[in-house]
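For clarity, every value in this text was computed on a predicted model and none was experimentally measured. We count ligands from 1, going down the list as the structure has it; atoms in each ligand are counted the same way.
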Amino acid sequence: MSPADPSAPVLAIDGPSGAGKGTVSHAVATALGWRLLDSGALYRAVGYAAGLAGIDLSDAAAAARCAAATRIEFRASATGELRVIVDGVDATDAIRTETAGAAASAIAAIPAVREALLQLQRDFRQAPGLVADGRDMGTVVFPDAGHKVFLTASAQERAGRRYKQLKAKGLAVNLSSLLLEIEARDARDASREVAPLRPAADAVVVDTTGIPVQDVVARVLSLVRGA
Ligand code: C5P
């Protein structure tokens with residue numbers, strides 16, 4: 001990848017899991033013709049690679065070495081969908097399970113892992129612009145982003161959305177255990193010492209509870225376009 005272009009505009013979209021960041025980021029990036037960084041996929045890929053390598057997450061140095069050594073690529077499929085390739089193997093579906101999400105959240109709490117992924121994330125900043133989706137895009141990775149949005153929704157609604165997404169993929173899921181997992185992941189993401197989940201001081205907080213996704217996309221686009 002070419003080096004980062006610090007003059008390229010960045011839209012940081014942060015928020016808890018299931019707030020609609022993925023769908024909104026994708027739609028906004030497409031509308032603007034900007035690149036997209038799915039930072040959660042990076043943590044998921046590292047959690048997955050660490051699992052395959054049998055790394056004990058209490059060994060922070062080994063987890064960080066794994067983060068630095070894992071090759072993660074995003075490739076557009078023939079249908080335009082982004083595939084996540086981990087060390088040469090398509091892991092798109094494997095990293096999307098709730099178990100992979102929990103592994104990502106655990107490995108993401110290790111400061112040396114976050115440090116190991118920092119430059120890789122910043123290198124996504126390229127002209128004509130970048131939509132960066134994550135938990136700490138506006139606070140840590142791109143603190144100078146020109147646009148910052150913090151998307152949120154009630155835990156109930158987020159669990160319901162995740163349920164539909166996973167069901168549509170043919171995965172066996174249970175709504176109440178999904179809600180418990182989402183709450184546990186939120187609590188861990190918000191209470192960790194490094195890069196905890198919180199809105200940047202200059203972020204616009206958008207509560208998407210009960211709001212159709214196209215309306216959220218329109219609102220975010222109008223923020224970027226200054227309308
Ligand atoms: O967004 P997604 O659900 O794919 O993220 C998976 C996990 O990765 C999150 O629960 C969070 O712990 C971690 N993550 C993070 N920082 C980011 C993106 C994701 O800590 N910027």
Side-chain angles (χ1 to χ4, degrees), residues 10-26 29 36-51 57 60 63-64 66-67 70 72 74 82-84 86 91-125 130-143 145 148-153 155 158-159 161-166 169 171 173 178-200 203 208:
V10 176
L11 162 64
I13 302 190
D14 291 306
S17 45
K21 297 187 307 288
T23 313
V24 171
S25 300
H26 192 270
L36 176 65
L37 165 62
D38 176 359
S39 61
L42 299 180
Y43 288 99
R44 286 172 180 269
V46 172
Y48 172 73
L57 294 190
C66 176
T70 303
I72 309 163
F74 294 100
L82 268 195
R83 308 296 298 179
V84 185
V86 181
T92 316
D93 299 325
I95 64 166
R96 288 293 155 208
T97 63
E98 284 308 301
T99 316
S105 166
I107 209 158
I110 301 173
V113 167
R114 306 196 71 84
E115 185 62 38
L117 293 179
L118 198 52
Q119 194 55 48
L120 173 64
Q121 297 176 82
R122 289 186 173 152
D123 286 345
F124 276 79
R125 185 175 200 165
L130 174 69
V131 177
D133 161 353
R135 303 290 188 292
D136 61 343
M137 299 296 100
T139 51
V140 176
V141 182
F142 301 108
K148 299 181 186 179
V149 170
F150 191 87
L151 283 189
T152 183
R158 291 185 287 120
R161 289 178 190 169
R162 204 54 139 195
Y163 179 80
K164 280 194 205 142
Q165 277 176 358
L166 295 172
K169 286 186 184 156
L171 297 165
V173 277
L178 217 45
L179 178 60
L180 289 176
E181 280 167 30
I182 279 191
E183 285 173 340
R185 188 132 66 95
D186 285 355
R188 184 164 44 204
D189 289 349
S191 65
R192 70 182 173 215
E193 273 175 34
V194 272
L197 173 68
R198 61 172 172 81
T208 71

For ligand 1, which atoms, with element, lie under 4.0 Å from some heavy atom of [X]?
| X | answer |
| --- | --- |
| Ala104 | 6 (C), 7 (C), 8 (O) |
| Met137 | 21 (N) |
| Arg162 | 3 (O) |

Minimum-distance protein heavy atom relative to [atom]:
| atom | value |
| --- | --- |
| atom 12 (O) of ligand 1 | Asp189 OD1, 2.7 Å |
| atom 8 (O) of ligand 1 | Tyr43 CB, 3.6 Å |
| atom 18 (C) of ligand 1 | Ser39 OG, 3.4 Å |
| atom 19 (C) of ligand 1 | Gly40 CA, 3.5 Å |
| atom 16 (N) of ligand 1 | Arg114 NH2, 3.0 Å |
| atom 9 (C) of ligand 1 | Arg135 NH2, 3.3 Å |
| atom 13 (C) of ligand 1 | Ala108 CB, 3.7 Å |
| atom 3 (O) of ligand 1 | Arg44 NH2, 3.0 Å |

[X] [atom1] to [Y] [atom2] distance, which is reported to the nearest 0.5 Å:
| X | Y | atom1 | atom2 | answer |
| --- | --- | --- | --- | --- |
| Leu151 | Arg158 | CG | CZ | 11.0 Å |
| Tyr48 | Ile72 | OH | CD1 | 12.5 Å |
| Ile110 | Arg192 | CD1 | CZ | 11.0 Å |
| Arg162 | Leu171 | CZ | CG | 11.5 Å |
| Leu37 | Leu11 | CG | CG | 11.5 Å |
| Asp38 | Tyr43 | CG | OH | 12.0 Å |

Does [X] approach ligand 1 within less than 4.0 angstrom via side chain, backbone, both or neither, non-hydrogen atoms only?
| X | result |
| --- | --- |
| Ser105 | both |
| Arg185 | side chain |
| Arg192 | side chain |

- Message: If you compare all heavy atoms of Val84 against all heavy atoms of Ala41, which two are closest, and at what distance to 0.1 Å?
- Response: CG2-CB, 4.3 Å

- Message: Minimum distance, heavy atoms only, to atom 21 (N) of ligand 1: which one of Leu42, Val140, Asp136 is it?
- Response: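 Checking each option, the heavy atom nearest atom 21 (N) of ligand 1 is found in Asp136.
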
- Message: Tell me if the CD atom of Glu115 is crowded by more than 12 foreign heavy atoms within 6.0 Å.
- Response: no

- Within less than 4.0 angstrom of ligand 1, does Arg188 place any heavy atom?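 Under 4.0 Å: no for Arg188.
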
- Task: Indicate whether the side chain of Arg185 and that of Ser105 have a donor and an acceptor atom separated by less than 3.5 Å.
- Result: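 No, no side-chain donor-acceptor contact under 3.5 Å.
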
Return all side-chain donor-acceptor pairs below 3.5 angstrom for residues 13-21, not counting sequence neighbours, or 'none' if the list is empty.
unit_1, atom_1, unit_2, atom_2, d
Asp14, OD1, Arg135, N, 3.1
Asp14, OD1, Asp136, N, 3.1
Asp14, OD1, Met137, N, 2.8
Asp14, OD2, Met137, N, 3.2
Asp14, OD2, Gly138, N, 2.8
Lys21, NZ, Gly15, O, 3.0
Lys21, NZ, Pro16, O, 3.2

